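Worksheet: one structure, shown below.
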Amino acid sequence: MKFPFLLFTLTAVSASALADTGHGQSHQSEPAPSRTIDIQAGSMWFDADKLQIEPGKTVRFRIENVSMIPHEFSIGSGRMQQMHREMMQQGGDHHGAEGSDKMMGDHHNGMMDHGETQSAAVTIAPGETETLIWTAPEQGDVIEYACFLPGHYEAGMKGTVTLNSNA
């Protein structure tokens with residue numbers, strides 16, 4: 001009786017493992033990044049406060065948190081960043097909660113399409129490095145990146161992106 005049960009269990013586990021290839025990953029086809037930008041997040045600062053990115057190009061950001069507290073790297077149009085900032089002020093306590101990455105769902109660690117400009121955000125734990133892939137718009141107004149954890153933006157944890165064809 002043990003053999004049929006064992007055979008059934010192994011078959012069921014194997015089938016579910018094969019069926020779940022790519023769990024938690026985006027199934028959208030993204031262009032390959034044309035450039036990697038390394039950024040350090042420290043105690044209320046990013047090591048770059050101005051970036052130049054070619055319009056329409058996909059960029060890989062590698063953000064290293066060199067401080068002892070969590071940070072966020074959020075990038076998008078000025079309007080989208082203001083909306084994100086207001087949302088974080090209303091319910092930003094999820095960033096400090098245990099298991100906060102799971103609680104954020106699709107909001108962080110990925111793209112958010114808000115119409116004219118995609119925005120994206122990732123939360124970086126102390127001592128960790130996270131990667132974020134983002135495509136610059138073909139044109140646009142002010143593009144900003146910032147940390148919207150309470151008090152971080154106000155302390156100067158922000159920067160701007162200039163769209164430049166020569167970047």
Side-chain angles (χ1 to χ4, degrees), residues 24-67 69-96 100-167:
Q25 297 176 4
S26 172
H27 295 287
Q28 300 174 356
S29 60
E30 297 177 353
S34 60
R35 176 177 168 199
T36 297
I37 299 174
D38 290 316
I39 294 180
Q40 285 190 333
S43 296
M44 304 302 166
W45 51 263
F46 289 117
D47 66 345
D49 61 355
K50 294 180 183 172
L51 298 172
Q52 292 189 14
I53 298 175
E54 191 172 343
K57 293 296 181 179
T58 299
V59 177
R60 174 186 296 112
F61 290 99
R62 220 174 12 223
I63 308 102
E64 178 187 14
N65 184 349
V66 297
S67 75
I69 58 175
H71 288 299
E72 173 187 60
F73 181 84
S74 174
I75 186 167
S77 70
R79 186 173 75 81
M80 297 319 308
Q81 294 294 68
Q82 180 62 32
M83 289 173 57
H84 183 76
R85 182 174 177 215
E86 290 169 3
M87 185 228 24
M88 290 295 292
Q89 288 173 341
Q90 292 172 2
D93 61 331
H94 66 271
H95 280 285
S100 60
D101 288 340
K102 291 177 181 57
M103 295 170 64
M104 287 180 260
D106 292 335
H107 167 70
H108 280 72
N109 301 325
M111 301 292 276
M112 298 166 282
D113 191 350
H114 298 285
E116 81 284 352
T117 302
Q118 285 187 329
S119 60
V122 64
T123 301
I124 312 103
E128 298 293 320
T129 300
E130 295 289 340
T131 301
L132 181 92
I133 307 290
W134 179 76
T135 301
E138 291 292 337
Q139 57 186 350
D141 57 353
V142 176
I143 298 170
E144 300 177 338
Y145 56 95
C147 177
F148 291 113
L149 295 181
H152 294 211
Y153 180 86
E154 294 78 9
M157 220 170 162
K158 58 188 171 185
T160 58
V161 174
T162 303
L163 296 178
N164 184 342
S165 296
N166 299 321

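Since we're looking at a predicted model, the values are computed, not measured.
Looking at every heavy atom in both residues, Pro33 comes nearest to Val59 through CB-C, 4.2 Å. In terms of heavy-atom proximity, Cys147 sits nearest to His152 at SG-ND1, 3.2 Å. When all heavy atoms are compared, the tightest approach of Ile39 to Leu51 is CD1-CD1, 4.1 Å. Considering all non-hydrogen atoms of both residues, Thr58 and Thr135 come closest at OG1-OG1, 2.8 Å. The minimum heavy-atom distance linking Pro137 with Leu163 is given by the pair O-CD1, 3.7 Å. In this structure, Glu138 and Gly56 approach most closely via the heavy-atom pair OE2-CA, 3.3 Å.
Counting only distance, with no hydrogens or angles, the side chain of Glu130 and the backbone of Ile124 share no donor-acceptor pair below 3.5 Å. With hydrogens and angles ignored, the 3.5 Å screen pairs a side-chain donor or acceptor of His71 with a backbone N or O of Gly42.
Taking the centre of each ring, Phe61 and Tyr145 stay at or above the 6.0 Å mark.
Side-chain N/O atoms of Gln90 and Glu86 include no donor and acceptor closer than 3.5 Å. Under the 3.5 Å distance criterion, with hydrogens and angles disregarded, a donor-acceptor pair is assigned to the side chains of Asn65 and Ser67. Side chains of Gln81 and Ser119: a donor-acceptor N/O pair is absent below 3.5 angstrom, by distance only.
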Derivation and outcome, side chain to side chain contact (heavy atoms under 4.5 Å, CB included), residues Glu144 and Ile75 = CA-CA 6 Å; Glu144 300 177 338; Ile75 186 167; over 6 Å; no

